[in-house]
Amino acid sequence: MKNDSDDILYMHMQASERFVLFNGLNFREFAYSLPSALDSILLLKHQFDGGEYNLNVLLESASSETIAKLLKENVRAYGDFCWIDFEEAEGLDELDGSELAELLYLGHTKTHLQPPFFRKLNNQYVYLAQDDGWFNKVYFRSLSTCYLMLGNLIPLKLELLKVERTWFGIRKRKELTAIPLEVISTLVPILAEGVVFSFRDVKYSRAKIEIPIWVVGDYLNMDEMQEDFLERNNDDPDIFVIFSRKEKTWDCVIKNDSYT
């Protein structure tokens, strides 16, 4: 069905292989939620017309200036959108045939032959998307970067989805802070179970904002995940992430004793 899924975020983390499967995360949200801005990426699968061609790997790359243009693109319309970041352009010129084969395999199959972290590139991420925002598989060199990204992503999605205006019709100033790592750490063991953050079911009051989370399991088929979540959504949430509007603090409350 591939409906827009901006109002939910599905995550399933495979910590041993350092990747996370997402539904409801797009490239723009990912880039804006990272602790450090993307500087250079090598485009493995795309339809972007504006990259710089590298004669060694026969692929296009994007500098920070070009990434700014790419962020304005509708990359979901590309179908496959896959990239890997790199530190220095010289690293691309040093890649050998076997390393290039691994990169092409990553883009083609959206899985790895070897751990996809290359010494010559010093990459922090591998981003593999099919219909960006629908199925995204992201490898993280350090999973702590993923946790920091999630701490920025949740407030970002709330701000994007919550059209809260004063009676003058002027949007209120941004009120949400990043979620601290110690709060995200409470969620980490549960991310391995496969969870849905439901922004369509967020509860707003004068005192707090409550984001419900359901544990739904491991999915590769996001149509199936969405259909099953519609049924699971009738049950009480397993967890709440809560923002105190007065104290400007975040907390995580686990309601289901199975996950305490």
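- Test Leu128, Leu106, Leu121 against Pro116 for side chain to side chain contact (heavy atoms under 4.5 Å, CB included) and you get one pass: Leu106.
- Under the 3.5 Å distance criterion, the side-chain polar atoms of Lys120 are matched with a main-chain donor or acceptor of Glu94.
- For the pair Arg245 (side chain) and Ser205 (backbone), a donor-acceptor distance under 3.5 Å is present.
- For the pair Leu153 and Leu25, the minimum side-chain heavy-atom distance is below 4.5 Å.
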Which donor-acceptor pairs under 3.5 Å do the side chains of residues 41-50 make with protein atoms, sequence neighbours left out?
| unit_1 | atom_1 | unit_2 | atom_2 | d |
| --- | --- | --- | --- | --- |
| His46 | ND1 | Phe48 | N | 2.9 |
| His46 | ND1 | Phe48 | O | 3.4 |
| Gln47 | NE2 | Tyr78 | O | 2.8 |

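- Between the Arg18 side chain and the Pro115 main chain, no donor and acceptor come within less than 3.5 Å of each other.
- Between Leu9 and Glu29, the closest side-chain pair of non-hydrogen atoms is not below 4.5 Å.
- Here the closest heavy-atom approach between residue Gly151 and residue Pro155 is recorded as O-CD, 3.1 Å.
- Just one residue in the list Phe30, Phe27, Phe135, Trp134 forms a ring-ring contact (aromatic ring centres under 6.0 Å, His included) with Phe81, and that residue is Phe27.
- The side-chain heavy atoms of Gln14 and Leu21, taken from C-beta on, include no pair separated by under 4.5 Å.
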### Message
Using the rule given for side chain to side chain contact (heavy atoms under 4.5 Å, CB included), can you reason through Glu227 versus Leu230, listing the C-alpha separation, both sets of side-chain angles and the distance that settles it, and then say yes or no?
### Response
CA-CA 5 Å; Glu227 290 169 5; Leu230 286 177; 5.5 Å; no
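- A side-chain donor-acceptor contact under 3.5 Å links Asn152 to the backbone of Ser33.
- When hydrophobic clusters are built by joining Ile, Leu, Val, Met, Phe, Trp and Tyr residues whose side-chain heavy atoms come closer than 4.5 Å, directly or via intermediates, Val183 is grouped together with Ile239.
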### side chain to side chain contact (heavy atoms under 4.5 Å, CB included) evaluation trace for Trp214 with Val195
CA-CA 6 Å; Trp214 282 264; Val195 301; over 6 Å; no
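- There is no path of hydrophobic side-chain contacts, each under 4.5 Å, that joins Leu95 to Tyr105.
- Between Glu175 and Lys248, at least one side-chain nitrogen of the basic residue sits less than 4.0 Å from a carboxylate oxygen of the acidic one, meeting the salt-bridge criterion.
- In this structure a side-chain-to-backbone donor-acceptor pair under 3.5 Å is missing from Gln226 to Asp223.
- Residues Leu92 and Ser61 form a side-chain contact, since some pair of their non-hydrogen atoms from C-beta on lies under 4.5 Å apart.
- Residue Phe243 is not grouped with residue Phe240 when hydrophobic side chains (ILVMFWY) are merged at heavy-atom distances under 4.5 angstrom, including chains of intermediate members.
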### Task
Apply side chain to side chain contact (heavy atoms under 4.5 Å, CB included) to Met225 and Val196, showing your working.
CA-CA 9 Å; Met225 181 277 295; Val196 168; 4.0 Å; yes
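- His12 places none of its side-chain heavy atoms less than 4.5 Å from the side chain of Asn23.
- Within the 4.5 Å cutoff, side-chain heavy atoms of Met11 are placed close to those of Phe197.
- Between the side chain of Asp238 and the backbone N or O of Val215, at least one donor-acceptor pair lies under 3.5 Å.
- Tyr10 places a side-chain N or O within donor-acceptor distance of the main-chain N or O of Tyr219, the cut-off being under 3.5 Å.
- For the residue pair Ile67 and Ser40, the shortest heavy atom distance occurs at CD1-N, 4.1 Å.
- When side chains are defined from C-beta on, Val241 counts as touching Trp250, because their heavy atoms get closer than 4.5 Å.
- There is a side-chain donor-acceptor pair under 3.5 Å between Ser144 and Ser142.
- Looking at every heavy atom in both residues, Cys146 comes nearest to Val20 through SG-CG2, 3.8 Å.
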### Query
Does the salt bridge (Lys or Arg N to Asp or Glu O under 4.0 Å) test come out yes or no for Asp80 and Lys110, once each step is laid out?
CA-CA 10 Å; Asp80 288 334; Lys110 298 180 180 58; 3.0 Å; yes
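- Using a 4.5 Å heavy-atom threshold, the side chains of Pro237 and Ile213 count as separate.
- Ion pairing between a basic and an acidic side chain is recognised when a charged N comes within 4.0 Å of a carboxylate O; Asp132 and Arg76 show no such pairing.
- Ring orientation note: the planes of Trp83 and Tyr127 are close to parallel, at an angle under 30° on the 30°/60° scale.
- Grouping the Ile, Leu, Val, Met, Phe, Trp and Tyr side chains by contacts below 4.5 angstrom, directly or via other members, places Ile84 apart from Leu58.
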### Task
Go through Ile211 and Leu158 one step at a time and tell me if the side chain to side chain contact (heavy atoms under 4.5 Å, CB included) criterion holds.
CA-CA 9 Å; Ile211 307 160; Leu158 277 174; 3.5 Å; yes
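- Checking side-chain atoms of Asp7 against main-chain N and O of Arg200 turns up no donor-acceptor pair under 3.5 Å.
- Here the OG1 atom belonging to Thr145 is positioned 12.5 Å from the CG atom belonging to Leu150, to the nearest 0.5 angstrom.
- Nearest heavy atoms, Leu156 versus Tyr32: CD2-CB, 4.2 Å.
- Two rings, from Tyr125 and Tyr139, have their centers 6.0 Å or more apart.
- Note that CG of Leu55 is 8.5 Å distant from CG of Asp93, once rounded to the nearest 0.5 Å.
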### Query
Step by step, would you call Asp251 with Lys208 a salt bridge (Lys or Arg N to Asp or Glu O under 4.0 Å)?
CA-CA 11 Å; Asp251 194 14; Lys208 58 189 176 181; over 6 Å; no
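- Hydrophobic clustering, with ILVMFWY side chains joined whenever heavy atoms are under 4.5 angstrom apart, keeps Leu191 apart from Val253.
- Listed for the Asn136 side chain is a donor-acceptor partner under 3.5 Å among the backbone atoms of Gly133.
- Of all heavy-atom pairs between Pro189 and Thr186, the closest is CD-O, 3.6 Å.
- In plain terms, the two heavy atoms of Cys82 and Ala129 that are nearest each other are SG-N, 4.0 Å.
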